[in-house]
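This report refers to the structure that appears directly beneath it.
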Protein chains: 2
Amino acid sequence: MKLNIRSFSAAQSGFRAELDALLAWDSVSDAGVQKSVENIVSTVRANGDKALIEFTNQFDRRTVQHSSELELSRADLEAAAKRIDPSVLEAIQKAAERVRLYHERQMDGQRSWSYTESDGTVLGQQVVPLDRVGVYVPGGKAAYPSSVLMNVIPAHVSGVSEIIMVVPTPDGDVNDIVMAAAFVAGVTRVFTVGGAQAVAALAYGTETIPKVDKIVGPGNIYVATAKRMVFGAVGIDMIAGPSEILVVCDGKTDPNWIAMDLFSQAEHDEDAQSILISPDAGFIEKVKSAMETLIEDMSRKDIIKASLEGRGAFIHVSDMEEAVEIANIVAAEHLELSIESPEDWLPKIRHAGAIFMGRHTPEALGDYCAGPNHVLPTSGTARFSSPLGVYDFQKRSSLINCSPEGASELAKIASPLARGESLEAHAVSAEYRIKD
Amino acid sequence: MKLNIRSFSAAQSGFRAELDALLAWDSVSDAGVQKSVENIVSTVRANGDKALIEFTNQFDRRTVQHSSELELSRADLEAAAKRIDPSVLEAIQKAAERVRLYHERQMDGQRSWSYTESDGTVLGQQVVPLDRVGVYVPGGKAAYPSSVLMNVIPAHVSGVSEIIMVVPTPDGDVNDIVMAAAFVAGVTRVFTVGGAQAVAALAYGTETIPKVDKIVGPGNIYVATAKRMVFGAVGIDMIAGPSEILVVCDGKTDPNWIAMDLFSQAEHDEDAQSILISPDAGFIEKVKSAMETLIEDMSRKDIIKASLEGRGAFIHVSDMEEAVEIANIVAAEHLELSIESPEDWLPKIRHAGAIFMGRHTPEALGDYCAGPNHVLPTSGTARFSSPLGVYDFQKRSSLINCSPEGASELAKIASPLARGESLEAHAVSAEYRIKD
């Protein structure tokens, strides 16, 4: 199948403008969606379970009469785990174990600390897990068990005591693999609600759904809009844009491998973005040719074609230095360094959600089971944000415990500063602690 | 002066509802402000310097002709530092040094790490500072040099290479103490712009103002609305509500000290919240009486009175257990434990921005110079967020470097999971790495 994919040379005039246009992504803020979500959120906030049941029956075509029907028990989850193909259950268990191990390592830097100054004053920071977290899991056709593991396990490892999962079950269809993943990951409670109504229920609480401290997990535009709306009442994770991969290849990896790595991003949806950068023009041609052959057999070939032709690109560069420079401009969610000695280039990579190093590290391994989280910053936000991690399920309190001597010395600094800001009560409050 | 401050007993019926009503704070989202900010942001984004100069001349009553007039040089800052009272400059220097030391300690947990598995696969996380950060500093009457130190120093300590400060100078008035603080803290460049137009300039860049990766710092409702609007294009810190203090006292601290500690919060503005909890009803009366005497001499007594009568409260509890329970519900920005052996109670405190321990640790010391940051989560958001810290100026990239053996084993886990999610290209991409 012929594929019309953009092709650039970094040397061509106007390349930077072309690159910026390629990367541009403005998340649509549709006034209709906004209004509809505002209505759903305020109604659930005001009327609790009654509104939640009505919206759920309406949007998910269900016939729930009583709120108790919205909850799945631990026995329900266990039964789902027993129903699925044992090889899939085993894969879920192995993936969960690896994700858990990685996030346990991540805990190392995330502990309370303090130090004592010579006059006895103690300063530090207390680090504690959040009390209760809500995990949104999409239902229907885009049901991803890996997403359950990636959102629930870091919360669990960080010590969150209650993990509340919500998942819509349109027409009452429960996805067994998703439930099995919830069973393995160790969620506390599961409710079969979704959409903006589920986000509102988690943010404000209803008679049945407990109010949480933070909501994480992916969702459609209604879910994303609702999360943005309740932010402040609860914490939220990032609002994700379309998924992206940037593959930097020196031209020495099997072109079929690179073609399939690019497909693995493109198959997510039409807006996904796959870009290949190489200093080897002939290799780019080989990958293109491999793509045109391989696409014929792909079950999601229409999505792959639409994604590659709409947002994909090949970029020819003069050398690896230039490739890395462009990678830092792109700040990709997934950066694959399919090159010799990728560790040599690592210190120059400043912006990327996750870095897949070497020819044997395709993004797909990271998506499921390598261990690091697959919830990553998209649309260039890797310039300032990080993968989901245990730190997203903790918060810190500063600790200050002044000795009488320490307070007296500090008060002498604070007092003139407070007076400089015309805050007299601050100054007097400090001065009371000055020793005669 | 008589003060009408709410007084509760935790034992009275309906106390929890009263407490919730006392704490309720919905930040006003005024449609007029929203529309005005939308216009400013989109105009600056489209027209750059030209729009920035026009809005600055309009809102700050200035007569700027050329964008070069918007920048203050390092020499300008140094001159301001020489103009101010030497004792204030010395206090700024000492405070800066202590804030720097604390944030250097905070860096300990924030380093890159990795580990190697038995088959040679390397997993880890690379931690790097942001490239460029914008610090918003309010101008005019609410000009706080301490805010410059608290926002700039953690960025500096975390390794941010460019720190761009913006500060409005209404009528062209430059605040020397603020400029001296900028000089001491080590900002890279300073521009005399403010409001929504400054936020837009930092988020999207103009010919003169460099585009940053994250914007931090407090501001009025226009600034807060603009920050919320540009979030996604850049990172932002929290959107702060009114400042609050919760003092828990066992009744053995000098009532004048506690009265003044409560004043030091109340004097910020009419919406600030000061609450005292004590198991000693007689002590609460003594503090009230001290307040009625001390307020007479306070220069900001009208603000203090309005704040205490509008949002302040005394809460009588049966014992310290109950006091701590209420403190966890309030999740205060500032929690003062003016009690014997505060460290014994620390493990029970789950939610607070900063914890001031003991009778010699008034909030005012933390506001200026103890070392920990004074930018703290407000309005109960301490349930899920943290003080501003070096971690806010860094971001992480996951690292995955599979050995051929490791990749082969991981691919056997990833493949069935990918097929379970109907993502065939993911499965094939993984399967290519399985060794025969």
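Every chain is numbered from 1, with letters handed out A, B, ... down the list of sequences. Only a predicted model underlies this, so the values are computations on that prediction, with no experimental measurement involved.
Counting only distance, with no hydrogens or angles, the side chain of B/Ser398 and the backbone of A/Pro372 share no donor-acceptor pair below 3.5 Å. Under the 3.5 Å distance criterion, the side-chain polar atoms of A/Ser429 are left unmatched by any main-chain donor or acceptor of B/Met260. Judged by distance alone, with hydrogens and angles left aside, the side-chain atoms of A/Gln125 form no donor-acceptor pair with the main-chain N or O of B/Gln106 at under 3.5 Å. Counting only distance, with no hydrogens or angles, the side chain of B/Arg383 and the backbone of A/Gly235 share no donor-acceptor pair below 3.5 Å. A donor-acceptor contact shorter than 3.5 Å is absent between the side chain of B/Glu424 and the backbone of A/Arg300.
Only the side chain of B/Arg98 comes within less than 4.5 Å of a heavy atom in chain A; its backbone stays farther off. Residue B/Ile258: no heavy atom, backbone or side chain, is found under 4.5 Å from chain A. Neither the backbone nor the side chain of B/Glu431 comes within less than 4.5 Å of any heavy atom of chain A. Heavy atoms of B/Ala259 lying under 4.5 Å from chain A are absent altogether. Only the side chain of B/Ile177 comes within less than 4.5 Å of a heavy atom in chain A; its backbone stays farther off. Only the backbone of B/Ala382 comes within contact range of chain A, judged by heavy atoms closer than 4.5 Å. For chain A, the nearby part of B/Trp113 is the side chain; its heavy atoms alone come within less than 4.5 Å. Heavy-atom distances place the side chain of B/Pro342, and not its backbone, under 4.5 Å from chain A. Looking at B/Glu117, the atoms closer than 4.5 Å to chain A (heavy atoms on both sides) all sit in the side chain, from C-beta outward. With a threshold of 4.5 angstrom between heavy atoms, B/Gln126 approaches chain A through side-chain atoms but not through N, CA, C or O. Interface remark: B/Gln110 contributes side-chain atoms only to the contact with chain A (heavy atom separation under 4.5 Å).
Taking 4.0 Å as the cut-off between side-chain N and carboxylate O, A/Asp254 and B/Arg433 do not count as a salt-bridged pair.
In this structure, B/Tyr368 and A/His426 have perpendicular ring planes: the angle between them is above 60°, well past the 30° mark. Ring-plane geometry between A/Phe231 and B/Phe231 is classed as parallel, the angle between the planes falling under 30 degrees on a 0 to 90 degree scale with a further cut at 60.
Ranked by heavy-atom pairs under 4.5 Å with chain B, the first of A/Val428, A/Leu346, A/Asn373 is A/Leu346. Interface check for chain A: of the options B/Asn256, B/Thr381, B/Leu423, B/Asp297, the most heavy-atom pairs under 4.5 Å are formed by B/Leu423.
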(request) Begin from the C-alpha positions of B/Thr361 and A/Thr121 and carry the test side-chain contact (heavy atoms from CB on, under 4.5 Å) through to its verdict. (result) CA-CA 10 Å; B/Thr361 315; A/Thr121 294; over 6 Å; no
(message) Go through it in stages, so that I can follow the logic: the residues are A/Arg350 and B/Asp213, the test is salt bridge (Lys or Arg N to Asp or Glu O under 4.0 Å), and I'd like the CA-CA distance, side-chain angles, deciding distance and then a yes or no.
(response) CA-CA 13 Å; A/Arg350 296 193 48 77; B/Asp213 299 307; over 6 Å; no
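Across every non-hydrogen atom of A/Tyr432 and B/Leu294, the tightest pair is OH-CD2, 3.6 Å.
For residues 365-376 of chain B, no pair satisfies salt bridge (Lys or Arg N to Asp or Glu O under 4.0 Å), with sequence neighbours left out.
For the pair A/Leu365 and B/Ile400, the minimum side-chain heavy-atom distance is 4.5 Å or more.
Using modelled atom types and a 3.5 Å distance limit, the side chains of A/His351 and B/Asp131 yield a donor-acceptor pair.
Taking the ring axis of B/Phe384 as reference, the NZ or CZ atom of A/Arg132 does not stay both within 45° of it and closer than 6.0 Å to the ring centre.
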